[in-house]
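Read through the structure below, which is laid out as structure tokens, and then see the notes.
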Amino acid sequence: QLQLVESGGGLVQPGGSLRLSCATSGSTLSYYYIAWFRQAPGKEREGVSCISSSGGRNYADSVLGRFTISRDNAKNTVYLQMNGLKPEDTAVYYCAVMWGTCTLLSAEVRYWGKGTLVTVSS
């Protein structure tokens, strides 16, 4: 069974940066499309970014130009570099394995990680 473990969340001031990591085990990372989702208090879970097995990338409009997704297949790890953070970015961030698509839809998720909390506040 594929396992996903997120890390790197924490408290950061507006305008600051964080890098989230999604470490995988139990299978070969290069075979999968990996996405990041987030869920803010009182809101539905939404897609943030996705990277395909060939390195193609998709981003939600709200993070385009500020966030960058990348993968290191040798380390079985996917990263989300978050720059220019805003209070509205505050959420629990989840790593997810997709069903061969980068539509950023929760219905296309095959496996979920347990999440890591990001808080953007002064």
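Position 1 is the first residue of the sequence, and the numbers go up from there.
Screening residues 100-122 for ring pair (Phe, Tyr, Trp, His ring centres under 6.0 Å), with sequence neighbours left out, gives Phe37-Trp112. The list of ring pair (Phe, Tyr, Trp, His ring centres under 6.0 Å) pairs with a residue in residues 52-96, not counting sequence neighbours, is empty.
By the 4.0 Å N-to-carboxylate-O rule, Glu6 lies too far from Lys114 to be salt-bridged with it.
The shortest distance between side-chain heavy atoms of Val63 and Arg38 falls below 4.5 Å. Contact check for Cys50 versus Trp36: no side-chain heavy atoms found under the 4.5 Å cut-off. The closest side-chain heavy-atom distance from Val97 to Ile34 is below 4.5 Å.
When all heavy atoms of Asn83 and Ser17 are compared, the pair lying nearest together is OD1-OG, 2.9 Å. Considering all non-hydrogen atoms of both residues, Leu4 and Cys95 come closest at CD1-O, 3.8 Å.
The OG atom of Ser106 lies 8.5 Å from the CD atom of Glu44; values are rounded to the nearest 0.5 Å. Rounding to the nearest 0.5 Å gives a distance of 4.5 Å between CZ of Arg110 and CH2 of Trp99. Summarising the geometry, atom CG belonging to Asn76 is positioned 8.5 Å from atom OG belonging to Ser25; distances are rounded to the nearest 0.5 Å. The distance from atom CG of Leu20 to atom OG of Ser49, rounded to the nearest 0.5 Å, is 11.0 Å. Between atom OG of residue Ser70 and atom CZ of residue Arg57 there is a gap of 6.0 Å, rounded to the nearest 0.5 Å. Rounding to the nearest 0.5 angstrom, the gap separating the CG atom in Leu18 from the CD atom in Gln81 is 8.5 Å.
Residue Thr90 is tested with Leu11, Val118, Val120 for a side chain to side chain contact (heavy atoms under 4.5 Å, CB included); the sole match is Val120.
Side-chain N or O atoms of Thr103 include none that pairs as donor or acceptor with a backbone N or O of Thr101 at under 3.5 Å. Using a distance-only test at 3.5 Å, with no hydrogens or angles considered, no donor-acceptor pair links the side chain of Ser53 to the main chain of Tyr33. Listed for the Thr116 side chain is no donor-acceptor partner under 3.5 Å among the backbone atoms of Ser7.
The side-chain hydrogen bond (donor to acceptor under 3.5 Å, both in side chains) test applied to Asn73 returns Arg71, not counting sequence neighbours.
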Problem set entry | Pair Ser52-Met98, side chain to side chain contact (heavy atoms under 4.5 Å, CB included): steps then yes or no | CA-CA 9 Å; Ser52 73; Met98 310 298 290; over 6 Å; no

For this session: Please step through side chain to side chain contact (heavy atoms under 4.5 Å, CB included) for the pair Met82 and Val12, ending with a clear verdict.
Result: CA-CA 11 Å; Met82 305 185 296; Val12 64; over 6 Å; no

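No continuous path of ILVMFWY side-chain contacts below 4.5 Å connects Leu64 to Leu104, so the two sit in separate hydrophobic clusters. A continuous path of Ile, Leu, Val, Met, Phe, Trp and Tyr side chains, each step under 4.5 Å between heavy atoms, connects Tyr31 with Ile69, placing both in one hydrophobic cluster.
No side-chain donor-acceptor contact under 3.5 Å links Thr119 and Ser121.
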